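Below, chains carry the letters A, B, ... as their sequence lines are ordered, and counting in each starts from 1. Computed from a prediction, not measured in an experiment: that's the story for all the values here.
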Number of protein chains: 2
Amino acid sequence: MSLATDTTDQPTLYKRIRADIEKRILTGEWPPGHRIPFEHELVARYGCSRMTVNKALSELAQADLIERRRRAGSFVRRPQHQSAVLKIADMRAEITALGRAYGYELIGRKVRAATAADRDRLGVKKAGKVVAITCRHSADNVPFAVEDRLIDLASVPDAATADFSREPPGSWLLHHVPWTEAEHTISAIVADDRTAEALDIAVGAPCLVIDRYTWRSARTITAVRLLYPGDSHRLVARFKGG
Amino acid sequence: MSLATDTTDQPTLYKRIRADIEKRILTGEWPPGHRIPFEHELVARYGCSRMTVNKALSELAQADLIERRRRAGSFVRRPQHQSAVLKIADMRAEITALGRAYGYELIGRKVRAATAADRDRLGVKKAGKVVAITCRHSADNVPFAVEDRLIDLASVPDAATADFSREPPGSWLLHHVPWTEAEHTISAIVADDRTAEALDIAVGAPCLVIDRYTWRSARTITAVRLLYPGDSHRLVARFKGG
DNA sequence: TTGACTTATATGTCTAGACATATAATCGTG
DNA sequence: CACGATTATATGTCTAGACATATAAGTCAA
C-alpha cells in the first residue's frame, strides 16, 4: 500500500524518493546533521522494497548530499558551500553555444627536440620530440582566446604529421587519444606585447589564464595554456545542487 | 563459477567490475565508441547476477564514462576532454591546507536599505535591507584575498546582528544557512588603487576575480566578489577521471 | 571510572527472478 | 525501393528475500 505516492508517477519510484529527500534538504526542512529516516522506515512510507530506497539513498550519498554510516543511519551533510563544478567546454562548442561564429587560425607549428623548459612543462624526464603549436580561436571574427600547446610525440606520434592548419589541436586530440585525465590551473596575468597583439587588446589589459595538463594512465599527452581577454570572457561554474 | 575474479576480492564484486571496465577505458583498450559487453555477457564472465553488473555499469554511466542505450548496448563515450571539477574550498581550509597561517580582518560592515545596484547584484526586485561587508583573508600575514559581500536580510535576518569581526561571513553563513546552491563566475581584472592597497600589490597588477551568487530554493542569500592576486594565487581543477 | 567484551542493528552487497520500455532489426506491403 | 508495422532484445526498474560487516550501545569485570 503506497501512501505517499501523491505525485503522478512520471519518473520512476526511486527517482521520486530521491527527489523528495533532496527537496527537503535543499529547502532546509532537513538541515545539516538531520537524520534521514531509516531505510526500513522509508520502505514503509513508500511501500516499496529496500533495494529501491537503497538506490535512492546511494545516489544522494554519491552526490555528497547525505552521509551514510553503518548502524547509525543516514545524515544530511554540511554543504560544501564553496565547491563548484566548472565546465570548460570545447572551444568550438563554447563559442557556438554563445550564438557566435567560430573561427580558427594556426599561428605557428614546430616539431623539435624537447628543451629543458618543454620537459618541465610536460612533466617528463626523458628527452624526446614534441610539437609546439600556437593558434587563435575567434568568435564573430573577434579574438576569443590564444592557445599555446605542447604535445609529447612519445605519447602521440601521429601528432607529428597531423594537419593543424584547419583543425584545432584540441579537437584533433579529442578524436585521436582515447581517454584522458587532466588538471586545470586558473590564474590571471596582464597582457604583454605579443599577447596584446594576438588578442587585439591593450598591453597591460587583464587576461584570464587556463593551464591544462593532460595525461593518460600516467603518461603525459599535452600541456596547453589558454589566454582569454579577462574583461570580456567569463567562466561560469554552477554548484551542483542535484 | 567465477573465472575472471583473479584479483583478490578486497573490494566488493561490483566495484571490481567497475574498476575493471574503467581501466580498459582509461588505458584505451576500449576506445570511444567501443561497445561494452552486454550485461548478460558480463554476468557470465563474472559469474554473478545481473543486478550486480547493472550497478557497476550504472555508476560508470553516471560518471559519463559510458553511454547506455536500450536495445543497442553500452558504449564508451568520447571524453569531454575539457570539462573539469573545480573545487573552491572554504577560505580557511584552503589556506591551512597550504600549511599557512590563516588570518582574517573585517574592513567594513554596513546595514542599509538596498540600493538599485544592490538589488541588481542580488538579483532581487523588491527593496529591502542588506548587509554589506568588506574583509580580507591572509596567509602568513600576507594578503590572500579581499572579499566584498552583500547579504540579503530578507533571507537571512540573523545576519544583521551577527558579529563578523572575528568570524568570516562565509563561515558564518555556512553554519546558519542549511543548504544552498551557487553560481560562480571567474574573470580577470587589473588592480585599481583601492584593490592594490588592500592586497598589497601594485596598481595595474593582474587579479583573479570570483563572483559567487548563492541562493536557496529560488531565494537569494548572498552575492560575493573575491579578489586574488593573479600571479600568486591559482585555482586548481582536476578532471574527474573516476 | 575505565576498559574489554558482547549484542543489536542499519547499512552494504548480492541473488534469482519479474515486468516495463525504448528501439534496432526485420518483415510486408504499396 | 521506400515506408509502416511487427518483433526481438538490451537496458531500466523493481521485488522479496539473504548474508556480511561495521559500529553504537549496552554489559560486565577490574
Side-chain angles (χ1 to χ4, degrees), chain A residues 1-22 25 30 33-77 242, chain B residues 1-22 25 30 33-77 242:
Chain A
M1 199 115 71
S2 55
L3 302 168
T5 56
D6 46 329
T7 57
T8 53
D9 47 10
Q10 277 170 350
T12 57
L13 180 51
Y14 92 88
K15 281 181 182 165
R16 262 184 298 142
I17 297 173
R18 172 159 63 73
D20 232 49
I21 296 169
E22 195 173 296
I25 294 173
W30 288 350
H34 177 91
R35 211 205 72 227
I36 306 275
F38 294 130
E39 288 190 352
H40 69 263
E41 294 175 302
L42 292 171
V43 161
R45 179 183 311 196
Y46 291 97
C48 63
S49 85
R50 212 190 115 213
M51 278 300 281
T52 303
V53 306
N54 183 284
K55 185 165 185 175
L57 292 176
S58 295
E59 291 195 2
L60 288 170
Q62 244 185 307
D64 273 342
L65 250 75
I66 67 171
E67 186 189 349
R68 314 200 72 198
R69 290 209 305 275
R70 270 178 153 127
R71 167 70 209 244
S74 303
F75 302 85
V76 178
R77 286 193 53 152
Chain B
M1 198 117 70
S2 56
L3 302 167
T5 57
D6 45 329
T7 57
T8 54
D9 47 9
Q10 276 171 349
T12 56
L13 179 52
Y14 92 88
K15 281 181 182 164
R16 262 184 298 140
I17 297 173
R18 173 160 60 74
D20 231 50
I21 296 170
E22 195 173 298
I25 293 173
W30 288 348
H34 177 91
R35 210 205 73 227
I36 307 275
F38 294 129
E39 288 191 353
H40 70 262
E41 294 175 301
L42 292 171
V43 161
R45 178 184 311 196
Y46 290 98
C48 64
S49 85
R50 211 191 116 211
M51 277 301 282
T52 302
V53 306
N54 184 284
K55 185 166 185 173
L57 292 176
S58 295
E59 290 195 4
L60 288 169
Q62 243 185 307
D64 273 342
L65 250 76
I66 67 170
E67 187 190 348
R68 314 200 73 199
R69 291 209 306 274
R70 272 178 152 128
R71 166 71 209 244
S74 303
F75 301 85
V76 178
R77 285 193 53 152

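Going from atom CG of L57(B) over to atom P of dG12(D) covers 8 Å, rounded to whole Å. Computed from coordinates, the E39(A) CD to dC14(C) P distance equals 15 Å when rounded to whole Å. Rounded to whole Å, atom P of dT13(C) lies 17 Å from atom OH of Y46(B). Whole-Å rounding puts the F38(A) CZ to dA8(C) P distance at 17 Å. Counting to the nearest Å, the P atom of dT9(C) and the CD atom of E41(A) are 13 Å from each other. What separates CZ of F75(A) from P of dA24(D) is a distance of 9 Å, to the nearest Å. Between R70(A) atom CZ and dA8(C) atom P the separation is 19 Å, expressed in whole Å. Put simply, CG on L60(A) is 15 Å from C1' on dT11(C), counting in whole angstrom units.
Remark: side-chain polar atoms of S58(B) are paired, donor with acceptor, to backbone N or O of N54(B) under 3.5 angstrom. Here the side chain of E59(B) pairs no donor or acceptor atom with the backbone of A56(B) at under 3.5 angstrom.
A donor and an acceptor atom sit less than 3.5 Å apart, one in the side chain of R71(A) and one in the base of dA24(D). A donor N or O paired with an acceptor N or O is found under 3.5 Å between the base of dG12(D) and the side-chain atoms of R50(B).
For the pair S49(B) and P37(A), both in contact range of DNA chain C, the more 5′-proximal nearest nucleotide belongs to P37(A).
For M51(A), the side-chain atoms get nearest to dT13(C) when compared with the rest of dT13(C), dG12(D), dT13(D). Among dT11(D), dT13(D), dA20(D), the nucleotide with an atom closest to any side-chain atom of Y14(A) is dT13(D).
Put simply, T52(B) has no side-chain N or O that comes within less than 4.0 Å of OP1 or OP2 on dT13(C). Contact annotation: K55(B) side-chain N/O to dC14(C) OP1/OP2 distance is not under 4.0 Å. Phosphate proximity of dT23(C) to R69(B): absent, as no side-chain N or O sits under 4.0 Å from OP1 or OP2. Listed pair S74(B) / dT11(D) meets the phosphate criterion, a side-chain N or O lying under 4.0 Å from OP1 or OP2. Taking 4.0 angstrom as the limit, K15(A) places none of its side-chain polar atoms (N or O) nearer than this to OP1 or OP2 of dG12(D).
Salt-bridge annotation for E22(A) and K15(A): absent, with no side-chain N of the basic residue lying under 4.0 Å from a carboxylate O of the acidic one. A salt bridge between R35(A) and E67(A) is absent, with no side-chain N of the basic residue lying under 4.0 Å from a carboxylate O of the acidic one.
Take R71(B) and apply the side-chain hydrogen bond (donor to acceptor under 3.5 Å, both in side chains) test, not counting sequence neighbours, and it matches no residue.
In this structure, S58(B) reaches neither bases nor backbone, as no heavy-atom distance under 4.0 Å exists between it and the strands shown.
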